[in-house]
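All values reported here derive from a predicted model rather than from experimental measurement. Atoms within each ligand, like the ligands themselves, are counted from 1 in listed order.
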Amino acid sequence: MSAEFTARPHLQLVQGTPPAAIEVKQLSVRYRNVTALDAVTTSFQPGRLTGVIGPNGAGKSTLIKAMLGLTAAAAGTVSRAGQPLVLQRQQIAYVPQRSQIDWLYPATVWDVVLMGRVQKTGWFRRFSAVSRRKALAALERVGMAEFRDRSIGQLSGGQQQRVFLARSLAQEAEIFCFDEPFVGVDQKTETILFEIFQALAKAGKTVIVVNHDLGESIANFDDLVLLNRSVIAAGPRRQVLNADNLQAAYGGQVNFYAA
Ligand code: ADP
Ligand code: MG
């Protein structure tokens with residue numbers, strides 16, 4: 001942290017918040033008669049690739065949506081650097097679960113990636129040369145530049161997921177949230193996604209990835225949050241991945257890759 005931040009902490013948000021963990025405290029979410037999250041307390045560290053894992057219906061998507069203020073919480077707080085996370089939305093890139101995206105949306109790949117620049121540009125304003133350059137660089141980084149004029153609905157699941165990753169890269173966020181990005185994608189895409197997630201973490205970003213798969217790809221994560229309505233375990237991957245924790249989260253028999 002620079003001396004300036006120490007001397008003038010009130011300027012932090014204006015000047016760009018220095019890396020700080022996301023702190024989730026006693027977060028509860030209820031849908032009518034379902035308690036989806038029950039007093040969830042955990043944190044997400046900058047510079048770490050964190051997986052949110054747990055069985056179907058564990059509340060993984062709900063956790064992300066409640067953290068971002070897209071789903072109302074019944075109780076609890078989510079903060080970063082002492083400020084509510086919802087006030088830092090400009091610094092968050094979010095790619096929802098695939099089923100929640102409108103795949104008939106009549107947009108080209110280029111339109112979708114440029115949307116990542118809207119916050120920096122403003123609606124109804126022309127995208128600057130800088131924005132166009134950054135959008136193109138993001139598309140190149142995910143290996144989709146030659147598809148820029150295709151309509152998004154014509155792409156395979158893996159290609160679509162890479163375009164949405166490109167949009168989030170173009171956004172130049174500090175915090176990245178991806179909900180089940182590996183579902184229905186090819187091996188090439190999975191490799192590209194993990195490479196970029198790890199590079200983002202290495203660059204000091206906070207990278208949160210919901211992933212219900214306990215296969216060998218789990219070894220790519222630095223930290224894990226094992227969820228089943230409440231937090232079963234959270235922390236460094238090796239610490240979280242043990243038979244007792246998995247039994248508590250999944251019940252019965254579960255096979256996992258002992259990474
Ligand atoms: P996961 O992402 O881990 O599969 P979700 O967060 O989607 O779990 O769901 C957690 C629980 O909340 C499940 O029981 C699910 O059926 C329920 N749920 C999720 N969204 C809604 C909603 N909009 N209305 C009612 N119940 C919901
Ligand atoms: Mg989900």
Q. Regarding N220 and S217, is there a side-chain donor-to-acceptor distance under 3.5 Å anywhere?
A. no
Q) Are the side chains of Y94 and F176 in touch, meaning some heavy atoms are under 4.5 Å apart? A) no
(Q) Using modelled atom types and a 3.5 Å cut-off, is there a donor and acceptor pairing between side-chain atoms of R89 and backbone atoms of L68? (A) yes
Q. Is the shortest side-chain N to carboxylate O distance from R48 to D223 below 4.0 Å?
A. yes
**Q.** T189/Q161 under side chain to side chain donor-acceptor pair (under 3.5 Å): CA gap, chis, key distance, verdict
**A.** CA-CA 8 Å; T189 295; Q161 202 57 252; over 6 Å; no
(Q) Going by side chain to side chain donor-acceptor pair (under 3.5 Å), K205 matches just one of Q91, E172, E174. Which one? (A) E174
Q.
Closer than 2.8 Å to the Mg ion (ligand 2), what protein N/O/S atoms do you find?
A. S61 OG, Q97 OE1
Q) Among the clusters formed by ILVMFWY side chains lying less than 4.5 Å apart, do L155 and V95 turn up in the same one? A) yes
Q) Any idea how F194 and F182 line up, ring-wise: parallel (<30°), tilted (30 to 60°), or perpendicular (>60°)? A) parallel
Please tabulate protein-ligand N/O pairs under 3.5 Å for ligand 1, atom names and distances to 0.1 Å.
| residue | atom | partner | partner atom | Å |
| --- | --- | --- | --- | --- |
| ligand 1 | 2 (O) | S61 | N | 3.0 |
| ligand 1 | 2 (O) | S61 | OG | 2.9 |
| ligand 1 | 3 (O) | A58 | N | 3.1 |
| ligand 1 | 3 (O) | G59 | N | 3.0 |
| ligand 1 | 3 (O) | K60 | N | 2.9 |
| ligand 1 | 3 (O) | K60 | NZ | 2.8 |
| ligand 1 | 4 (O) | G57 | N | 2.8 |
| ligand 1 | 6 (O) | T62 | N | 2.9 |
| ligand 1 | 6 (O) | T62 | OG1 | 2.5 |
| ligand 1 | 8 (O) | G59 | N | 3.1 |

(Q) For F178 together with F197, are the ring centres under 6.0 Å from each other? (A) yes
